[in-house]
Amino acid sequence: MIREIKETELDALLELYTHLHESGIPENTVQLRQTWKTICDDENHHIIVCETDGRIVSSCVCVIIPNLTRNVRPYAFVENVVTHSAFRGRGYATACLAYARELAAAAGCYKIMLLTGAKSESTLSFYKNAGYNCTDKTAFIMWL
C-alpha cells in the first residue's frame, strides 16, 4: 500500500533511514521532535511510504515548492528515496516515486527534481526508468 506517513510512524521511518545512509537512529531530542512536528504540519511536505504486511519498507520525500516563475507554477523536489535492503527489487520505491509524481501533478507543478549521490549504474538506471533524466539540468551542491 502506498500512502503518506502517519504522525505516529516516526520510529519506523527512522529505522528505514538506516538503509539509506544513516549509521544509526538519531536520539529522541527536542530538535528531532520539533523537526518532525514542522514536517507533519507542512502541507507541502509529503513523506510517502510503501507498507507491506504492516511494515514500512520503502519511502521518499516530496516537497512542493511555491514558485513565482513558470506562470506561478510550483515545482517538486524528491529526496530520501530508500527501500529496506531486504525488500529491494520489488517495485516499492518505483511506486513511491509514482505517488510523488501524482502529488506534484495535482499541485500543478511544472517539474520534479531529484538529486542522487549514487554512482552505480543500476541506481541511475532505476531513476531513468522511473522517468527522470540527467541531461536537462546540471546540479551543484554546497555542503554546509
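Here the structure is a predicted model, which is why all the values come from computation and not from measurement.
Listed here is the closest heavy atom pair of N80 and H21: OD1-NE2, 4.3 Å. Closest heavy-atom contact between G108 and R73: O-NE, 3.0 Å. When all heavy atoms of L124 and A118 are compared, the pair lying nearest together is CD2-O, 3.6 Å. In plain terms, the two heavy atoms of C109 and A76 that are nearest each other are SG-N, 3.9 Å. Of all heavy-atom pairs between L97 and A130, the closest is CD1-CB, 3.9 Å. Pairing each heavy atom of K128 with each of C134, the nearest pair is CE-SG, 3.8 Å.
Distance check: F126 CZ to T116 OG1 gives 9.5 Å after rounding to the nearest 0.5 Å. Atom OG1 in T94 sits 9.5 Å away from atom CD1 in I2 (nearest 0.5 Å). Here the OH atom belonging to Y132 is positioned 12.5 Å from the NZ atom belonging to K111, to the nearest 0.5 angstrom. Of the inter-residue distances, the one linking C60 atom SG with L20 atom CG reads 11.5 Å to the nearest 0.5 angstrom. To the nearest 0.5 Å, atom CD1 of residue I48 and atom CD1 of residue I56 are 12.5 Å apart.
No path of Ile, Leu, Val, Met, Phe, Trp and Tyr side chains, each step under 4.5 Å between heavy atoms, connects Y127 with M113, placing them in separate hydrophobic clusters. Neither I64 nor L115 shares a network with the other; the hydrophobic side chains, linked directly or stepwise wherever heavy atoms of I, L, V, M, F, W or Y lie under 4.5 Å apart, form separate groups for each. Residues L114 and Y92 fall into different hydrophobic clusters, defined by Ile, Leu, Val, Met, Phe, Trp and Tyr side chains chained together at heavy-atom separations under 4.5 Å. Linking Ile, Leu, Val, Met, Phe, Trp and Tyr whenever their side-chain heavy atoms come within less than 4.5 Å puts L32 and I47 in one cluster. When hydrophobic clusters are built by joining Ile, Leu, Val, Met, Phe, Trp and Tyr residues whose side-chain heavy atoms come closer than 4.5 Å, directly or via intermediates, I112 is not grouped with V61.
Counting only distance, with no hydrogens or angles, the side chain of H45 and the backbone of I39 share no donor-acceptor pair below 3.5 Å. The backbone N or O of D136 lies less than 3.5 Å from a partner atom in the side chain of N133, making a donor-acceptor pair. W36 places a side-chain N or O within 3.5 Å of a backbone atom of E7 that can act as its donor or acceptor partner.
Applying the salt bridge (Lys or Arg N to Asp or Glu O under 4.0 Å) test to every pair with at least one member in residues 30-40, sequence neighbours left out, gives these pairs: K37-D41.
Remark: the S125 side chain and the S122 side chain contain no N/O donor-acceptor pair separated by less than 3.5 Å. A donor-acceptor pair shorter than 3.5 Å can be found between the side chains of H84 and R55.
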**Request:** Determine, step by step, whether S59 and I5 satisfy the side-chain contact (heavy atoms from CB on, under 4.5 Å) criterion, reporting the C-alpha distance in whole Å, the side-chain angles of both residues, the deciding distance to 0.1 Å, and the verdict.
**Result:** CA-CA 9 Å; S59 179; I5 198 161; over 6 Å; no

Could you walk me through whether T18 and I25 satisfy the side-chain contact (heavy atoms from CB on, under 4.5 Å) test, starting with their C-alpha distance in whole Å, then the side-chain angles of each, then the deciding distance to 0.1 Å, before giving a yes or no?
CA-CA 7 Å; T18 65; I25 296 173; 3.9 Å; yes

- Task: Apply the test side-chain hydrogen bond (donor to acceptor under 3.5 Å, both in side chains) to residues T123 and S120: give CA-CA distance (whole Å), side-chain angles for both, the deciding distance (0.1 Å), then the verdict.
- Result: CA-CA 5 Å; T123 301; S120 72; 2.8 Å; yes

Kindly indicate, with the supporting measurements, whether the criterion side-chain contact (heavy atoms from CB on, under 4.5 Å) is fulfilled by Y99 and H46. CA-CA 10 Å; Y99 192 98; H46 306 272; over 6 Å; no

Subject >> side-chain contact (heavy atoms from CB on, under 4.5 Å) between M1 and V49, intermediate numbers included >> reply: CA-CA 8 Å; M1 170 194 323; V49 297; over 6 Å; no

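Shown here is R3, whose CZ atom has more than 12 heavy atoms of other residues, nucleotides or ligands within 6.0 Å. For R88, the CZ atom sits in a packed shell: over 12 heavy atoms of surrounding residues, nucleotides or ligands are nearer than 6.0 Å.
Between Y75 and Y110, the angle of the ring planes goes over 60°, which puts this pair in the perpendicular group of the 30/60° scheme.
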